[in-house]
Amino acid sequence: MTSKFIKRSWAEPYKIKMVELLNITTKADRMRAIKQAGFNTFLLKSRDVYIDLLTDSGTSAMSDRQWSGMMLGDEAYAGSENFYHLEEAVRKNYGYKYVIPTHQGRGAENILSKILIKPGDIIPGNMYFTTTRLHQELAGGTFADVIIKKAHDPDDEFPFKGNIDIQKLENLIKKTGSKKIPYISVATAVNMAGGQPISMSNLRELRKMTDKYGIKIIHDMTRVAENAYFIKRKEKGFSKKKIVDIVKEICSYTDGATMSAKKDALVNIGGFLAINDKKIYEEARNLVVVYEGLHTYGGLAGRDMEAIAIGITESVDEDHIRARIGQVEYLGNKMRDFGIPIVLPIGGHGVFLNAKKFLPHIKQTNYPAQTLAAEIYIDSGVRSMERGNVSSGRNPETGKEYLPDLELVRLTIPRRVYTQAHMDVVAESVESVYSNRKKIKGLKMIYEPKYLRFFQAKFKKL
Ligand code: F0G
């Protein structure tokens with residue numbers, strides 16, 4: 001065989017300098033812990049968890065450069081040097097003009113929603129995200145889902161399931177009138193769809209159409225680098241382009257963005273609001289003082305802003321993003337080999353189990369995904385998260401559960417934290433639960449919080 005035919009593997013583009021020891025528990029320990037947590041993985045103590053795939057949010061391993069940046073924190077109340085580094089990193093890598101730091105993504109969502117949304121407004125978007133939709137609703141708006149239909153089908157292998165159904169959106173604009181639509185909310189690497197990307201051609205088309213009606217586009221850019229990687233790999237004409245240029249082109253079709261830097265940007269805390277319109281920026285500068293802090297720190301320490309500035313640059317590195325997605329795909333492909341039903345194509349930040357297919361005998365009102373997350377934890381101490389009926393919540397008008405098409409368990413991979421061997425352990429645990437799936441019984445909710453119920457709800461086994 002010539003070398004042309006030998007598969008070349010990716011490997012982590014870093015080596016490990018410090019390690020954090022893990023706790024390994026017994027099955028009896030885990031049964032006790034999950035019962036105490038009301039069968040909600042959010043309520044488990046971290047010390048009771050072995051491999052933590054609850055979220056990729058704030059769980060990244062920072063680089064030595066980021067840690068040394070933390071030592072250069074300028075903790076001045078006003079005009080911290082680190083703020084200007086952050087501003088420069090956003091302008092250089094994303095191209096947005098004005099930047100307002102916030103304590104995390106939802107801080108930016110709050111300010112943006114308060115400024116742009118009036119009671120009675122409609123905010124179309126490519127699938128909801130929990131905190132984003134809630135801030136829209138608290139500002140008096142209503143979210144309207146305009147993602148393509150395929151996004152709601154876990155088995156459809158269309159490569160850009162984050163795309164917007166342009167025709168559906170235009171019909172909505174015509175029906176409600178553009179005055180009632182303050183902006184279109186566009187997420188890259190759509191979280192709730194399974195980390196599915198939006199294509200550049202869809203974004204271009206969207207920009208053209210919204211320009212006709214004078215409607216803004218606000219970008220939830222939490223996982224924009226992951227989206228850019230899929231464009232590079234799967235969309236015609238991008239294979240030779242640099243990730244950083246693809247990221248910048250994506251941003252160029254939008255008018256502003258909210259960012260949870262806890263994901264792509266490789267930090268443990270932080271976010272920002274970025275906007276090109278000076279008037280909106282000025283209003284946001286006023287509001288940030290009320291909810292977050294002065295406009296040059298927005299709820300963050302100087303050192304946090306420095307870590308974000310460095311993290312943004314690392315996030316668009318070619319080798320980083322290839323290894324990042326490579327690891328997620330490695331886990332996903334193992335699941336596929338075992339015949340476990342997952343959302344396809346494999347997304348950017350995790351592997352999503354299709355709980356409706358995994359546990360077809362459990363009714364959606366008995367929370368199959370919540371049940372499955374608890375069972376995987378009991379089997380191995382691997383912590384995952386429900387993204388189905390519990391996360392989706394209730395319609396505020398009717399009080400009825402939304403009962404979403406997607407009833408999923410998310411195995412979210414933190415960036416630069418776990419090894420391929422950890423992925424093997426995870427896949428084998430899910431396989432073991434899958435083999436015993438017929439014996440698994442559903443759950444009944446016994447405590448339901450008013451907002452974002454998935455974080456704190458409690459359940460009982462049927
Ligand atoms: N937008 C998206 C797409 C998100 O995934 C998140 C957070 C936010 C906004 C809110 O940002 O947490 O910094 O306030 N997602 C986390 C997750 C919580 O686990 O998916 P935040």
Side-chain angles (χ1 to χ4, degrees), residues 17-18 57-116 131 135 218-222 224-225 244 247-248 251 255-317 415-416:
K17 180 142 51 184
M18 191 195 280
S57 181
T59 52
S60 295
M62 292 209 296
S63 67
D64 50 359
R65 287 171 211 190
Q66 284 176 294
W67 279 110
S68 38
M70 300 275 287
M71 296 305 288
L72 302 176
D74 170 7
E75 306 307 341
Y77 189 90
S80 160
E81 185 61 18
N82 314 114
F83 165 73
Y84 299 102
H85 294 172
L86 170 61
E87 189 181 53
E88 194 188 317
V90 171
R91 285 183 177 157
K92 187 169 152 229
N93 292 283
Y94 304 140
Y96 295 117
K97 263 198 203 146
Y98 304 108
V99 185
I100 290 186
T102 55
H103 76 285
Q104 56 184 72
R106 69 198 72 179
E109 290 168 357
N110 175 37
I111 292 169
L112 182 88
S113 305
K114 281 205 159 66
I115 295 173
L116 293 181
T131 59
H135 279 299
I218 298 293
H219 178 196
D220 182 338
M221 64 178 305
T222 296
V224 66
V244 62
V247 164
K248 226 167 160 181
C251 297
D255 300 285
T258 54
M259 171 65 153
S260 169
K262 301 170 74 173
K263 284 82 167 174
D264 246 15
L266 299 160
V267 291
N268 304 122
I269 194 71
F272 57 80
L273 171 65
I275 198 92
N276 292 335
D277 182 298
K278 192 152 185 218
K279 261 204 174 136
I280 300 175
Y281 165 65
E282 275 165 5
E283 259 187 89
R285 249 168 74 129
N286 279 321
L287 271 189
V288 75
V289 190
V290 183
Y291 294 101
E292 305 279 321
L294 194 70
H295 63 280
T296 56
Y297 78 86
L300 296 172
R303 55 179 174 268
D304 298 327
M305 292 188 283
E306 191 63 30
I308 301 173
I310 299 168
I312 288 173
T313 308
E314 292 181 1
S315 76
V316 293
D317 176 83
R415 297 166 185 79
R416 310 194 290 209

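Since we're looking at a predicted model, the values are computed, not measured.
- The distance from atom CD1 of I275 to atom CG of L112, rounded to the nearest 0.5 Å, is 6.0 Å.
- With hydrogens and angles disregarded, no donor-acceptor distance shorter than 3.5 Å links the side chain of E292 to the backbone of G299.
- Here the closest non-hydrogen pair linking A257 and M221 is CB-SD, 3.5 Å.
- A donor-acceptor contact shorter than 3.5 Å is absent between the side chain of S315 and the backbone of A265.
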Exercise for review: Verify side chain to side chain contact (heavy atoms under 4.5 Å, CB included) between M18 and W67, making sure each step is shown before the conclusion.
Suggested key: CA-CA 12 Å; M18 191 195 280; W67 279 110; over 6 Å; no
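- Side-chain atoms of D255 do not come within 3.5 Å of backbone N or O of I218 as any donor-acceptor pair.
- Here the OG1-CD distance, from T131 to Q104, works out to 8.5 Å after rounding to the nearest 0.5 Å.
- Between R303 and E75 there is a side-chain heavy-atom pair separated by less than 4.5 Å.
- The environment of CZ in R416 is crowded: more than 12 heavy-atom neighbours from other residues, nucleotides or ligands sit within 6.0 Å.
- Between the CE atom of M305 and the CD1 atom of I269 there is a distance of 13.5 Å, given to the nearest 0.5 Å.
- Panel note: side chain K114, backbone H135; no donor-acceptor pair is recorded below 3.5 Å.
- In terms of modelled atom types and a separation under 3.5 Å, the side chain of S80 and the main chain of A76 share no donor-acceptor contact.
- Contact between T222 and D264 at its shortest, heavy atoms only, is O-CB, 3.2 Å.
- The shortest heavy-atom contact between T296 and F83 is O-CB, 3.3 Å.
- Residues L86 and I312 are in side-chain contact: their nearest non-hydrogen atoms beyond the backbone lie under 4.5 Å apart.
- Between Y98 and Y281, the ring planes lie parallel to each other; the angle is under 30°, not in the 30° to 60° tilted range.
- For D74 (side chain) and N82 (main-chain N/O), no donor-acceptor pair under 3.5 Å exists by modelled atom type.
- Using modelled atom types and a 3.5 Å distance limit, the side chains of Y94 and H219 yield no donor-acceptor pair.
- The distance between the ring centers of Y297 and Y77 falls below 6.0 angstrom.
- The backbone N or O of L266 sits nowhere less than 3.5 Å from a side-chain atom of R415 that would complete a donor-acceptor pair.
- In this structure, K263 and S260 approach most closely via the heavy-atom pair NZ-OG, 2.9 Å.
- Using a 4.0 Å cut-off between charged side-chain N and carboxylate O, E87 and R91 make a salt bridge.
- Between the side chain of E282 and the backbone N or O of K279 there is no donor-acceptor pair closer than 3.5 Å.
- Taking the side chain as every heavy atom from C-beta outward, S57 and K262 approach each other to under 4.5 Å.
- Between L116 and I280, the closest side-chain pair of non-hydrogen atoms falls below 4.5 Å.
- Residues L300 and I308 meet the side-chain proximity criterion, which asks for heavy atoms closer than 4.5 Å.
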